[in-house]
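In what follows, a structure is listed as structure tokens, so that the remarks can point back to it.
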Amino acid sequence: SLFARPLDPSVLQDLEALLLGADFGPAVAARLLSAIEADRKAGLVPPADAGAALARLRAHVGEGLGRGDPAVRLAPAPPTVVLVCGVNGVGKTTSIAKLAWHLREERGLSVLLAACDTFRAAAVEQLEVWARRLRVEIVRQPTGADAGAVAYDAAEAALARKTDVLVVDTAGRLHTREPLMAELGKIRRVLSRKIPGSPHETLLVLDATVGQNGLAQARVFREAVEVTGIFLAKLDGTAKGGIVLAIQDALGIPVKFVGTGETPEDIAPFDRERYLDGLFG
Amino acid sequence: GLTAALSKVFAGFAGRKLTEANIQEGLRQVRLALLEADVHYQVVKDFLGKVSVRAVGDEVVKSVTPAQQFVKVVHDELVALLGPVDHSLPVATQTPAVVMLVGLQGSGKTTTAAKLARLAQKKGRRPLLVAADVRRPAAIEQLQALGAKIEVPVHAEPRSQAPALCANGVAAAAKAGRDLVILDTGGRLHIDDELMEELSEIRRRVPPDRTYLVTDAMTGQDALASASEFHRRLGLSGAILTKMDGDARGGAALSIKSVTKVPVVYVGVSETVDGLEEFHPDRVATRILG
Ligand SMILES: Nc1nc2c(ncn2[C@@H]2O[C@H](COP(=O)(O)OP(=O)(O)OP(=O)(O)O)[C@@H](O)[C@H]2O)c(=O)[nH]1
Ligand SMILES: Nc1nc2c(ncn2[C@@H]2O[C@H](COP(=O)(O)OP(=O)(O)OP(=O)(O)O)[C@@H](O)[C@H]2O)c(=O)[nH]1
Ligand SMILES: [Mg+2]
Ligand SMILES: [Mg+2]
């Protein structure tokens with residue numbers, strides 16, 4: 001029969017190249033290619049039809065990414081607390097500027113920023129510039145202050161001002177540094193004690209150029225703090241951040257936002273179809 | 001890791017020589033290890049071809065297992081590909097030597113600029129840092145804070161364009177008797193034509209003695225495309241792989257070397273100014289193989 005022949009090797013190779021090149025990783029790529037092979041046996045893909053195979057692959061990836069709710073879930077009463085974390089240089093501070101813009105301009109909510117990166121040179125200054133440009137309030141202390149103390153002050157201010165959303169910036173930290181992961185856990189505890197039920201969202205920022213290490217990052221950050229979503233930054237480059245599928249599979253953490261540039265407006269709630277277009281379009 | 005996987009593969013090995021047939025499964029295990037280590041899939045393919053040529057026909061040495069012998073071929077081939085490396089700082093002539101740092105956003109350029117300045121200072125050089133990121137909020141302040149910490153002067157011009165301020169920085173360095181200028185440029189995408197052109201303009205104004213691509217060790221497949229484009233536009237002298245104190249395997253090192261023919265020269269191993277080491281191919285080869 002037409003479907004008894006195995007898939008054309010060149011079709012398989014092209015599909016694999018696409019998946020590997022997008023950082024899905026070899027295990028996920030192999031699983032997806034087996035699914036396509038099963039589709040072929042079931043008569044859904046003619047052996048030499050690259051277009052049909054690609055359509056099925058898109059369907060499988062889409063299924064894997066899920067349908068989840070990409071918005072920031074608001075707490076029953078203000079303030080909603082959003083804790084932002086991730087390894088060094090991924091785009092946390094810039095993503096917070098974007099979140100502030102999105103929450104204010106697109107959802108009409110009041111925003112307060114907490115500059116809890118009290119470690120890196122000019123980190124507080126960097127967030128201050130964004131606060132000034134966006135005209136949002138910021139709670140900060142000089143570099144060298146205790147990050148937990150800043151978190152406490154910010155939570156207190158958010159409660160007093162009845163701010164809709166408190167967004168907390170933290171220092172970049174490698175997930176392999178136990179004392180730093182412990183500090184992040186401490187910041188979370190400070191927030192949850194001051195504002196019961198918080199943080200209501202904990203976003204792990206991932207650089208779209210990250211390779212397989214992204215899965216380790218997600219795993220360890222989730223251990224330390226309850227990561228509720230991924231902010232996939234730098235998707236305006238050529239990288240696709242395909243590791244997010246392995247993260248969804250293994251840890252059930254969905255992508256909530258994407259970053260597509262260096263200005264506050266370069267943010268979008270995760271749109272699965274748009275993401276798939278970027279891969280298969 | 002790979003050695004364990006290969007021990008399983010060669011467990012039933014009965015022959016005396018490695019042949020094309022009996023190394024196929026071994027090559028598959030190596031392929032998996034390299035892809036998991038973030039080496040670009042095209043680079044993996046070329047690499048396996050080289051390993052196959054090297055391994056086939058080898059007599060299995062009596063004192064080692066076939067798996068050990070195969071791993072050694074793979075390891076040696078990886079080391080040969082990643083090196084050799086020249087770790088020297090450029091010497092000044094009539095004008096200060098110039099090192100230009102470029103790369104994608106957030107890769108670690110500003111921190112690495114300060115680390116290089118510190119390294120140079122320890123070697124008796126008189127470095128000067130140039131804050132050439134004119135866009136990122138508080139980028140200048142970041143470099144100034146780092147410069148102050150290591151007592152290295154920082155040339156900054158908050159309202160100038162990058163090419164002009166780099167030229168002024170080198171002139172200022174010459175006047176002040178500094179013999180090494182390190183240009184910290186802003187992060188940018190290799191597909192941003194306007195910003196890539198800015199780097200070319202800086203190069204025209206201030207021909208660098210070294211141009212280093214600063215790359216995050218956790219970078220995946222994208223390392224190939226970005227390194228290729230930075231190299232095509234600017235001509236790289238080498239790369240610096242940062243955040244190697246994490247557990248990213250660092251396969252980007254092989255992708256970069258393979259596509260640009262220039263090696264990783266330094267690795268960043270901490271957030272602090274002393275966290276810069278010379279790149280050693282054998283150590284990173286072991287790490288990539290896992
Ligand atoms: N092109 C692009 N650049 C981005 C994006 N998000 C952040 N960046 C850039 O990435 C660089 C690092 O961003 P930061 O916000 O400082 O990253 P961070 O995670 O806060 O860094 P640390 O606090 O040092 O760990 C900056 O140059 C940003 O402008 C994005 O979506 N697209
Ligand atoms: N652990 C670790 N962190 C590093 C290393 N190098 C840089 N960092 C951190 O990575 C983050 C980004 O570093 P930057 O020097 O700001 O990166 P950049 O390339 O100048 O960023 P842009 O100018 O925005 O493109 C900061 O948090 C640094 O402290 C390293 O080798 N190890
Ligand atoms: Mg930051
Ligand atoms: Mg910088």
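Proteins get letters first, then strands, A, B, ... in listed order; numbering begins at 1 in each.
Contacts between residues 90-97 of chain A and chain B, counted as heavy-atom pairs separated by less than 4.5 Å, involve A:V90. Residues from residues 231-239 of chain A that place a non-hydrogen atom less than 4.5 Å from a non-hydrogen atom of chain B comprise A:K234, A:D236, A:G237, A:T238, A:A239, given in numerical order. Proximity to chain B at a heavy-atom threshold of 4.5 Å picks out A:D23, A:P26 from residues 22-36 of chain A, in numerical order.
By the salt bridge (Lys or Arg N to Asp or Glu O under 4.0 Å) test, A:E16 is found to be paired with B:R31, residues two or more places apart in sequence or in another chain being considered.
Residue contact with chain B, scored on non-hydrogen atoms closer than 4.5 Å, is absent for A:E128. Looking at A:A17, the atoms closer than 4.5 Å to chain B (heavy atoms on both sides) sit in the backbone and in the side chain alike. When heavy atoms are compared at a cutoff of 4.5 Å, A:R120 approaches chain B solely by way of its side chain, counted from C-beta outward.
A:V87 places none of its side-chain heavy atoms less than 4.5 Å from the side chain of B:K243. Within the 4.5 Å cutoff, the side chain of B:Q221 has no heavy atoms near those of the A:K240 side chain.
Checking side-chain atoms of B:D38 against main-chain N and O of A:Q212 turns up a donor-acceptor pair under 3.5 Å.
For the set B:E141, B:Q105, B:K149, the count of heavy-atom pairs under 4.5 angstrom toward chain A peaks at B:Q105. Comparing B:R249, B:Q144, B:H190 by how many heavy-atom pairs each has under 4.5 Å with chain A, the most go to B:H190. Across A:L127, A:V210, A:I243, the residue that shares the most heavy-atom pairs under 4.5 angstrom with chain B is A:V210.
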